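Computed from a predicted model, the values in this text were never measured in an experiment.
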Amino acid sequence: MAEERYPFKDIEQKWQRYWQEQNLFSTPEQREKPKYYVLEQFPYPSGKLHMGHVRVYCIGDAIARYMRMRGYNVLHPMGFDAFGLPAENAAIKHGVHPGEWTKRCIEQMKHQQNALGLSYDWEREVITCEPKYYRWNQWLFLKFYERGLAYRKKAPINWCPSCQTVLANEQVISGKCWRCESPVELKSLEQWFLKITAYAEELINELDSLPEWPEHIKTMQRNWIGRSQGTLVNFRIKDSDELLPIFTTRPDTLYGVTFMVFAPEHPMVMELVKGSEYETPVKEFAAKVVIQDKFYRTAEDREKEGMFTGRYAINPLNGEEIPIYVANFVLMEYGTGCIMAVPAHDQRDFEFARKYNIPIKVVIQPPGEQLSPDTMTEAYVEPGVMVNSAQFSGMDSELAQKAITDYLVEQGWGKPTVQYKLRDWLISRQRYWGTPIPMVYCEECGIQPVPETELPVLLPENVRFGGTGNPIETAQEFINTACPNCGGRARRETDTMDTFFDSSWYYLRYCDSRNEDAIFSPDDVHYWMPVDRYVGGVEHAILHLLYSRFFVKAMRDIGLLKFDEPFTRLLAQGMVTKDGKKMSKSFGNVVEPNDIIDKYGADTARLFILFASPAEKELEWSDQGVEGCYRFLNRVWRFVRNNLPAIQKGFELREVEECAPTSHPEDKRLFRLIHHTIKRVTSDMEERFHFNTAIAASMEMLNGLSTYTVRDDKHSQRLIFEAVRTLLLMISPFAPHIAEELWHQIGYSTPILLESWPEYDESALQVEEMLIVVQVNGKVRSRITVDADLPEDEIKQTALNDEKVKKFIQNKPIRKIIYVPKKLLNIVV
RNA sequence: GCGAGAGUGGCGGAAUUGGCAGACGCGCCAGACUUAGGAUCUGGUCCCGGUCUCCGGGAUGGGGGUUCAAGUCCCCCCUCUCGCACCA
């Protein structure tokens, strides 16, 4: 064999075993050192890693290894989001207990993670389906319950017929279940909720205190929380004592209200029409609308439909009588479930008014124009001058918003209000494989929390899968219990928690995961938290990230935490694609991580994933790109092997011989190359987390290194050793196995993993000569090489004397010369 | 419709504050070594033109502007991706 290919299989196994045996990934307990908490979103244990997983882990691991080398105390844990439906479905299908199935999946995934050489501190592993973890879910739930943050209410909720359980609003994507994409149905059930809305204001405001979160993620959260500032106005109902409160963001249009609209399911509607000729048609209409699923009903192009109720409201400002309608486009769950309609200045109201021949009244005129209700073809929604608005006429409409609101407050007819789209988080799930909600229902005392001392409420093992309803209901010995208050007969809650509950605080548990007496020690949590770098996919932009932020705030108010936000910096990594499409079974374009590791090794896989694209962008898989990275590692291998004797001599000399360039120009070049590359790679890693350019710089260094001929003298040996040593250190966060192997081959007996990141010497970057680009009128005309210490005047003179430059200046007068130090000279003629 | 992001060679992507556009890798072309190469090494590779080791012109989705200088800043337009989408 003429050229050897490096034996990655042996090397990778060898060092994985070594790292593990030496316990090198365990978290150092040196509190005096600065800490760095790098975390990748823990996976659901499906049993098999996909490229998306591999990508997140490679990013996180490169950061962890780099920060260790920079002298930080690094916490880099991993665990499994182990509760969830797939395990339960597997139980139904294959007759395996979900616990067994999950355990097997975890083992397989862990095996793959270790084969990638990921530097996790497995001693801190968190597996959410274990009682030692979920008991703290229950404990937290009880704390929330004490504070009124967990409560039970009957509400219209989203039901996924396929998963046979309810879903939170966030888990319904375009009217479909986030997990199985079945259309979601509406049901009315009594369920457990967490009061996330209590934190709506803080959740939206604090986004501004997260400058290192990607803007698009923050925008998505802002949209989801949906804050809008407006005014609550109380209309009266004619022939009734009832008040009719409505929310509007446009109090300036109050004089233009020509009808009111109720959501069909609004409880007041039936009272209003009771006994009248309108009762039956309105009832039928409401029934028709309510059964339409929410997504269908709220699609924007949905035809607006409604019906008059026969009743009137009274506008508090001018006493006008206003007809009340019900219509499909008004939503019960937003605002008060009833709106004031101003067709002249709201497009929806305009369409509805035209369709049902309701009068249109203009109260705002655009600058330099006169709108007339008869000729308008769409609503005018911009600001303008107030008209037909009593004492407010003539005002600027934007100023009138405040003026009218103030007037309403004065008269006791309304007040400024803020509305949110965010709803409370529905956490009950009618499924087995989750954390039991620690509550009991007593025939005498009603709902009672399970006392803390009785936690955990264990999931019953002995249940029947595959019947109808929640399997947990087949465990009689679980359901039947004694009331913690009176000791009488009671029934346990059979709903389990949404698994997003588990993942909302797991990163806190890593700080002290083996604590059996408490959820965590405050010292540990406050040393490590917040997470310095959180890496994960955008798919959790709202769900997991919003819930986690809510948990931290709620736990802070309970007194468990002293900080406000869980994740300081968020790195939302891009999708992995192949042939321009997301990797998926249905496209048949899936690349299996195992196949790549088998064929090229983990180092190549890691290197390619980080090299092919910046972390936050899409990554297009390319088999040839992988080959390219494999070639690079082979070149590193061969270079070291072919020069091993000289490098080893350099190693021996490392303490007696200073590494400095001789007068030999090749030595100077190499010396500068070393320090120049350190500078580039360090700034790519440190400031920008641009691994692709960091790797490119290392590749360039090797290219420069391969043209260096080692001489049989001390200086040259010392220098080549230094170059190789530096290169290995700099590729070690990306390709740790080959770096570790060659590190030992060149002479070291201690692991590269514990080495410090190389430092560059600014003076080593000094050059004797520099290349100045000379432009004439902004176009490059020449390049001149001058002494590095040549004064500006002389550089200018040299440039002006340059033949090529002269040609372009000819005899034209020189207007200006701009000099950018060490780079460029622009002569303007 | 609203919001966010993006648009650079045949491809993935570089260009940190406005300062040589196309680093690095892939692919392609040529050569070397070879029984052979889909191994390895060396050189070349944005487009157009010319008197072709050199010289000139053009080029970062399109158009305009600021500037000595624009991929980068400002204005208008086009395309794509993602998110929200009757939220009163």
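For A/H540 and B/G83, the NE2 to P distance is 14 Å, given to the nearest whole Å. Distance CG (A/N634) to C1' (B/A39): 10 Å, rounded to an integer number of Å. For the pair A/E616 CD and B/A6 P, the interatomic distance rounds to 10 Å; values are reported in whole Å.
Taking syn as a glycosidic angle within 90° of 0, B/C46 does not qualify and is anti.
The separation of B/C82 from B/C77, taken at their P atoms, amounts to 23 Å, rounded to a whole angstrom. Atom name C1', nucleotides B/C52 and B/C78: the rounded distance is 39 Å, in whole Å. Using P as the reference atom, B/A15 and B/C20 are 13 Å apart when rounded to the nearest Å.
The partner of B/A36, taking Watson-Crick or G-U wobble pairs whose two distances both stay under 3.5 Å, does not exist in any strand shown. With both pairing distances under 3.5 Å, B/G19 is matched to B/C68 as a Watson-Crick or G-U wobble pair. Base-pair partner of B/G49: B/C55 (Watson-Crick or G-U wobble, both distances under 3.5 Å). B/G43 is paired with B/C29 under the criterion used here, namely a Watson-Crick or G-U wobble arrangement in which both key atom distances are under 3.5 Å. Nucleotide B/G83 is matched to B/C2 when pairs are restricted to Watson-Crick or G-U wobble geometry with both distances under 3.5 angstrom. In this structure, B/G9 forms no base pair with any nucleotide, since neither Watson-Crick nor G-U wobble geometry is met with both distances under 3.5 Å.
As judged by a 4.0 angstrom heavy-atom cut-off over every strand, A/K218 is placed among residues making no nucleic acid contact.
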